[in-house]
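A short write-up of the structure that comes next.
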Amino acid sequence: MTKKQRALEVIERLKKEYPDADCTLDYDEAWKLLVSVRLAAQCTDARVNVVVEGLFEKYPNVAALADAAVEDIEEIVRPCGLGKSKARDISACMKMLRDEYGGKVPEDFDALLKFPGVGRKSANLIMGDVFGKPAIVTDTHCIRLVNRIGLVDGIKEPKKVEMALWKIIPAEEGSDFCHRLVWHGREVCTARTKPHCERCCLADICKKNGVS
């Protein structure tokens, strides 16, 4: 079985296992996802979802958050960790969004990368979830699972993993595939415990790299 054949089979099996898998960050507007993905660095999505409720209640739109003092933002987002740098980036992001894009998140990958604190992972998430464009989000679950399954060979650097996956994952499948990897990584192919291979839908085609 080639990597591409394995990838297509993994995609189909995960579709059946997690038909409704989507982004685990709660948002109803693109700019809110931009804020949430910055807060999600080294923090659980569940905690981010709780924290942003208070943030968006106090600052309900781009202009309000852009005008907020960095210290006030930091006070609210501190539970997500790295409060000072995250607050600074969020403030700068909202100012840039207000001043250069009229408050609308740009539908352009390279433009997104110019926003403070936005890397390839965040830009891909926004392109896929908000705009329905081809995207591969190489978060920690994705990197761990694609190595374990055998879709990539010992690659840990996010951009290199992304580039390797683009070669074997159909463009239109990338975004949903990565969401399903997150769900599978949390429920079955876990990081902090031994993976539950006995109830894994991929057990017979997984290389089980690193699993003892």
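What you see is a predicted model; the values in this text were computed from it and never measured.
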For [X], does the [atom1] atom have more than 12 heavy-atom neighbours from other residues, nucleotides or ligands under 6.0 Å away?
{"X": "Gln42", "atom1": "CD", "result": "no"}
{"X": "Glu75", "atom1": "CD", "result": "no"}
{"X": "Glu57", "atom1": "CD", "result": "no"}
{"X": "Arg186", "atom1": "CZ", "result": "yes"}
{"X": "Lys156", "atom1": "NZ", "result": "yes"}

Check your understanding: Can you name the one residue among Arg6, Lys208, Lys207, Arg144 that meets side chain to side chain contact (heavy atoms under 4.5 Å, CB included) with Ile149?
Key -> Arg6

**Study point:** Of Ser85, Cys80, Cys43, the residue whose pairing with Arg38 passes side chain to side chain contact (heavy atoms under 4.5 Å, CB included)
**Key:** Ser85

Check your understanding: Is it true that the side chains of Lys95 and Ser91 contain a donor and an acceptor less than 3.5 Å apart?
Key ->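 On atom types as modelled, these side chains qualify, holding a pair under 3.5 Å.
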
Check your understanding: Going by atom types only, do Glu162 and Trp166 share a side-chain donor-acceptor pair under 3.5 Å?
Key -> yes

Review point. Do you reckon Trp183 sits in the same ILVMFWY cluster as Val48, going by side-chain contacts under 4.5 Å, direct or chained?
Key: no

Review point. Are Trp31 and Tyr101 an aromatic pair by the rule of ring centers under 6.0 Å?
Key: no

Exercise for review: Answer whether the closest heavy-atom distance between the side chains of Leu112 and Val105 falls below 4.5 Å.
Suggested key: yes

Check your understanding: What do the steps show when you test Asn147 against Asn209 for side chain to side chain contact (heavy atoms under 4.5 Å, CB included), and what is the final call?
Key -> CA-CA 7 Å; Asn147 274 282; Asn209 292 325; 5.8 Å; no

Check your understanding: Going through the distances and angles, do Asp67 and Arg98 end up as a salt bridge (charged side-chain N to carboxylate O under 4.0 Å, His left out)?
Key -> CA-CA 10 Å; Asp67 287 337; Arg98 177 194 64 192; 2.8 Å; yes

Review point. Between Lys133 and Phe109, is NZ or CZ placed under 6.0 angstrom from the six-membered ring centre and within 45° of the ring axis?
Key: no

**Study point:** Carboxylate-amine/guanidinium contact Asp110 Lys114, below 4.0 Å
**Key:** no

**Study point:** Donor-acceptor contact below 3.5 Å, side chain Arg78 vs main chain Gly83
**Key:**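 Here the side-chain-to-backbone pair does not exist.
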
